[in-house]
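A short worksheet on the structure shown next.
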Amino acid sequence: MFYWMKPLPDADIDYEKYKPFIKNDWFRRNFMYFVYVLQATLVILSIVLGVWNFSNFFIRLILFLLVYVVHELLHISVVWRIGDISLTHSGIFFWLNSSAKMSKLRFLLFMSMPLIILSIAPMIVALFSNGSVYQYMRYVAWINAIIAGADIINTFLIIIKPRNSVFYRGFYKVVNCEGTK
């Protein structure tokens, strides 16, 4: 089920088995400040590199909205059939949450697929092109990287988790080969 601008129903989580995805309380409380700093850094770098100087405002706005929609659809495509999805917002930020229990590989794919498809791939295409294709691909790559600030940080946090981790609604547990703790 897709919950539009509503949170997911409460979950029954066994806190003895599941640990918070971000263990450090201070980092968990200040996570968004790290995201804001990363996004501001990416915006400044993109301005310095002239990413925004290729077309008029209307075309850049349309392209920004398309990148954002495709970014969220890529997230949704990973969990569409395995759990409920909720799209909510906090201020200008939109959050996608899922009730799916995901393996480390699936959760890594969930977090990094938009970054790979909308930032890394367009930047590779831009390296082998010129003219307007170069400008558009570079813009798409940078815009998505800015949008994906939280995804970038979460991707690194997923990578450092143990190999047999299972992720569920902001928590994770480590399972042995038989699927139990």
Please determine which of I159, V78, N154 meets the side chain to side chain contact (heavy atoms under 4.5 Å, CB included) test together with L108. I159
Where do N56 and I59 come nearest, in terms of heavy atoms and distance? OD1-N, 2.9 Å
Using the ring pair (Phe, Tyr, Trp, His ring centres under 6.0 Å) rule, pick out the option among F167, F27, F31, Y172 that qualifies with F21. F167
For a quick test of reading the model, state the closest non-hydrogen atom pair linking V166 to Y18 and the distance between them. O-CE2, 4.0 Å
So do the side chains of T41 and V37 get within less than 4.5 Å of each other, counting heavy atoms only? yes
Heavy-atom side-chain proximity of F34 to L38 below 4.5 angstrom: no
Measuring only between side-chain heavy atoms, which start at C-beta, is L49 closer than 4.5 Å to W142? yes
Do R138 and M123 come close enough that some side-chain heavy atom pair is under 4.5 Å? yes
Closest contact, heavy atoms only, Y168 versus S99: CE1-O, 3.0 Å
Closer than 3.5 angstrom, by distance alone: can the side chain of S165 be matched with the main-chain N or O of V174 as a donor-acceptor pair? no
In the single-linkage hydrophobic clustering (I, L, V, M, F, W, Y; side-chain heavy atoms under 4.5 Å), do V69 and F58 co-cluster? no
N144 side chain vs P114 backbone, donor-acceptor pair below 3.5 Å: yes
Closest non-hydrogen atom pair between Q39 and I146, with its separation: NE2-O, 2.8 Å
In terms of heavy-atom contacts, L42 and I152 come closest through CD1-CD1, 4.5 Å
T155 and M111 have their tightest heavy-atom pair at OG1-CB, 3.7 Å
Evaluate the ring planes of F54 and Y136, with Trp represented by its six-membered ring, and classify them as parallel (under 30°), tilted (30 to 60°) or perpendicular (over 60°). perpendicular
Would you compute the distance between atom CE of M113 and atom CG of L73 and round it to the nearest 0.5 angstrom? 11.5 Å
Please tell me if the side chains of L63 and I143 come closer than 4.5 Å, counting only heavy atoms from C-beta onward. no
Indicate if I158 and I117 have the same hydrophobic cluster label, given that clusters are the connected sets of ILVMFWY residues with side-chain heavy-atom separations under 4.5 angstrom. yes
Would you check, one step at a time, whether the test ring pair (Phe, Tyr, Trp, His ring centres under 6.0 Å) holds for Y15 with F171? CA-CA 9 Å; Y15 295 106; F171 295 87; 5.3 Å; yes
How long is the straight-line distance from NZ of K23 back to CG of L157, given to the nearest 0.5 Å? 11.5 Å
Geometric class of the Y68/F64 ring pair [parallel <30°, tilted 30-60°, perpendicular >60°]: parallel
Check whether more than 12 heavy atoms from other residues, nucleotides or ligands sit under 6.0 Å from atom CG of N24, and answer yes or no. yes
State yes or no: do V133 and V140 share one hydrophobic cluster built from I, L, V, M, F, W and Y residues joined by side-chain heavy-atom distances below 4.5 Å, directly or via other members? no
With no hydrogens and no angle check, is any side-chain donor or acceptor of S119 less than 3.5 Å from a backbone partner on A145? yes
Indicate yes or no: at least one non-hydrogen side-chain atom of D151 is less than 4.5 angstrom from one of L115. no
In the single-linkage hydrophobic clustering (I, L, V, M, F, W, Y; side-chain heavy atoms under 4.5 Å), do I120 and M137 co-cluster? no
Nearest-0.5 Å distance, OG of residue S46 to OH of residue Y139: 9.0 Å
Parallel, tilted or perpendicular for H71 and H75, by the 30°/60° rule? perpendicular
Taking the side chain as every heavy atom from C-beta outward, state whether D14 and K173 have any pair of such atoms under 4.5 Å apart. no
Is it possible for you to say whether I76 and L66 belong to one hydrophobic cluster, with membership spreading through side-chain heavy-atom contacts below 4.5 Å? no
If you look only at pairs with a residue in residues 101-114, which of them pass as a side chain to side chain donor-acceptor pair (under 3.5 Å), with sequence neighbours excluded? none
Do the non-hydrogen side-chain atoms of M102 and I82 ever get within less than 4.5 Å of each other? yes
